[in-house]
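Below is one structure; the comments refer to it alone.
This is a predicted model, so every value here is computed, not measured. The analysis underlying the following values was restricted to heavy atoms, covering all of them including side chains, and did not include hydrogens, waters or symmetry mates.
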Amino acid sequence: MSVDIATVRRIAGLARIAITEEEAERLSPELGNILDWIEQLGEVDTTGVEPMTAVIANRLRLRDDVVTDGGIRESVLANAPQAEHGFFTVPKVIE
């Protein structure tokens with residue numbers, strides 16, 4: 001597939017990438033080669049092939065999901081400009 005320079009500039013604009021005219025000329029055939037390779041991958045017969053999420057079958061070691069307060073309330077409140085009754089104190093906001 002052929003990618004012209006105008007398409008390269010359009011892609012660069014969408015990606016918010018600043019490129020020079022020389023870079024656009026250099027990237028044009030490279031993007032064309034990438035798209036040709038993707039077309040080749042589309043021609044591969046994958047019937048009967050199960051989709052996979054990883055090459056190696058890994059299992060995550062999970063821990064119990066236990067809710068805690070972290071046990072560091074006093075350490076956290078020590079950083080607060082103002083704390084009262086175990087909570088942050090903030091100025092009252094009225095609209």
Side-chain angles (χ1 to χ4, degrees):
M1 173 180 263
S2 177
V3 178
D4 59 351
I5 294 175
T7 304
V8 172
R9 283 194 295 256
R10 172 89 173 125
I11 293 169
L14 291 172
R16 305 286 194 259
I17 299 172
I19 60 172
T20 64
E21 191 65 30
E22 294 80 27
E23 289 173 323
E25 290 174 7
R26 182 179 53 83
L27 289 172
S28 178
E30 287 184 29
L31 288 175
N33 290 338
I34 291 170
L35 292 175
D36 289 339
W37 184 69
I38 291 171
E39 286 179 7
Q40 287 179 2
L41 287 176
E43 297 171 2
V44 175
D45 181 24
T46 58
T47 54
V49 177
E50 290 293 321
M52 59 183 188
T53 57
V55 177
I56 301 171
N58 289 329
R59 289 191 49 95
L60 294 176
R61 294 184 298 262
L62 301 176
R63 62 176 171 79
D64 291 335
D65 190 12
V66 179
V67 177
T68 66
D69 66 353
I72 57 171
R73 174 188 274 185
E74 298 306 320
S75 300
V76 171
L77 290 176
N79 294 321
Q82 195 173 11
E84 199 172 292
H85 306 294
F87 298 99
F88 289 100
T89 306
V90 296
K92 187 175 183 179
V93 178
I94 300 175
E95 292 185 5

I need the Leu41 CG to Asp36 CG distance, nearest 0.5 Å.
11.5 Å
Quick check: is Val3 connected to Ile38 through a chain of hydrophobic side chains (ILVMFWY, heavy atoms under 4.5 Å apart)?
yes
Over all heavy atoms of both residues, which pair between Gly86 and Arg73 is shortest? Give the atoms and the distance, please.
O-NE, 3.6 Å
From CD1 (Ile5) to CG (Leu31), nearest 0.5 Å
11.5 Å
Taken to the nearest 0.5 Å, the spacing of Glu25 CD from Asp4 CG works out to 12.0 Å
Under 4.5 Å between side-chain heavy atoms, counting indirect links through other Ile/Leu/Val/Met/Phe/Trp/Tyr residues: same cluster for Ile17 and Leu27 or not?
yes
If you define the side chain from C-beta out and look only at heavy atoms, does anything of Glu23 sit under 4.5 Å from Val8?
no
Under 3.5 Å: donor-acceptor pair, side chain of Asp45, backbone of Thr47
yes
All pairs passing side-chain hydrogen bond (donor to acceptor under 3.5 Å, both in side chains) where residues 77-86 contributes a residue, at least two apart
none
Do the non-hydrogen side-chain atoms of Leu77 and Phe87 ever get within less than 4.5 Å of each other?
no
Does Glu30 come within less than 4.0 Å of Arg26, counting only side-chain N to carboxylate O?
yes
Report, as yes or no, whether the 6.0 Å neighbourhood of atom CZ on Arg10 holds more than 12 heavy atoms from other residues, nucleotides or ligands.
no
